[in-house]
Amino acid sequence: MNDLTNKHCVPCEGDVPPLSRQAAEQQLSCVSGWQLNGEATAITKTVTRSDFSDALTLVNAIGEIAEKEGHHPDILIHDYKNVTITLSTHSIGGLSENDFILATKIDGL
């Protein structure tokens, strides 16, 4: 199991293959509450906050981490206090270690 907490995302320009389903499932054991999609191309987590303001605070905190890491998730606020985060490495059409590094950092919020 990798210690993803101390790692940082590295730029990905499409020059690496996406993680296999097996590798993605192994990395999934390093993060808490994330779900692998059916194609093994993305991981998603939904967090419920106390209200809209708290959900927005979370989104902004995720945004700060994403900017520092240079790896950006898709984020959706729905039902006014639920935040769904989806991670995938768009340049390779699937998952990379960067997605799990960012997931670990989001889990630390």
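Just so it is clear, the values below take in all heavy atoms, side chains as well, and ignore hydrogens, waters and symmetry mates.
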Phe100 side chain near Leu87 side chain, heavy-atom distance below 4.5 Å: no

Rounded distance (nearest 0.5 Å) linking atom CD of Glu64 with atom CD of Glu67: 9.5 Å

Does any N or O in the side chain of Asp54 come within less than 3.5 Å of the main-chain N or O of Asp51, such that one atom is a donor and the other an acceptor? no

Taking Asp79 for its side chain and Asn82 for its backbone only, find out whether a donor-acceptor pair lies under 3.5 Å. no

Would you say Leu109 and Ile65 make side-chain contact, with heavy atoms under 4.5 Å? yes

Please answer whether the main-chain N or O of Lys7 pairs with a side-chain N or O of Lys105 as donor and acceptor at a distance below 3.5 Å. yes

What distance separates Ser53 OG from Leu58 CG, expressed to the nearest 0.5 Å? 11.5 Å

Flag yes if Phe52 and Val59 sit in one hydrophobic cluster, no otherwise; membership is Ile, Leu, Val, Met, Phe, Trp, Tyr, and two members link when side-chain heavy atoms are under 4.5 Å apart. yes

Between Cys30 and Thr104 the two heavy atoms that sit nearest each other are O-OG1, 4.3 Å

Expected output: side-chain Arg21 to main-chain Gly38 donor-acceptor under 3.5 Å: yes

Show your working on side-chain contact (heavy atoms from CB on, under 4.5 Å) between Gln26 and Leu19 and close with a plain yes or no. CA-CA 10 Å; Gln26 185 177 14; Leu19 295 176; over 6 Å; no

Quick one: does any side-chain atom of Thr89 pair with a main-chain N or O of Ile92 as donor and acceptor, under 3.5 Å? no

Check the pair Ile85 / Ile62 against side-chain contact (heavy atoms from CB on, under 4.5 Å), numbers first and verdict last. CA-CA 9 Å; Ile85 308 118; Ile62 292 169; 3.8 Å; yes

With heavy-atom distances below 4.5 Å as the criterion, would you say the side chains of His8 and Ile101 are in contact? no

Evaluate the criterion side-chain contact (heavy atoms from CB on, under 4.5 Å) for residue pair Thr86 and Lys45; output intermediate values, then yes/no. CA-CA 7 Å; Thr86 302; Lys45 181 176 187 171; over 6 Å; no

Give a yes or no answer on whether the side chain of Ser88 reaches the backbone of His90 with a donor-acceptor pair at less than 3.5 Å. no

Side-chain donor/acceptor of Asn98 to backbone N/O of His71, under 3.5 Å: no

Nearest heavy-atom approach of Ala103 to Ile43 is CB-CD1, 4.0 Å

Is a donor on one side and an acceptor on the other found under 3.5 Å between the side chain of Gln35 and the backbone of Thr44? no

Roughly how far apart are Asp107 CG and Leu102 CG, rounded to 0.5 Å? 9.5 Å

I want to check something: taking the side chain as every heavy atom from C-beta on, are Trp34 and Ile106 in contact at a cut-off of under 4.5 Å? yes

Working to the nearest 0.5 Å, report the span between CG of Leu56 and CD1 of Ile77. 5.0 Å

Given the rule in the side-chain contact (heavy atoms from CB on, under 4.5 Å) test, do Leu36 and Leu95 qualify, once you have shown the distances and angles that lead to the verdict? CA-CA 10 Å; Leu36 187 64; Leu95 290 164; 3.5 Å; yes

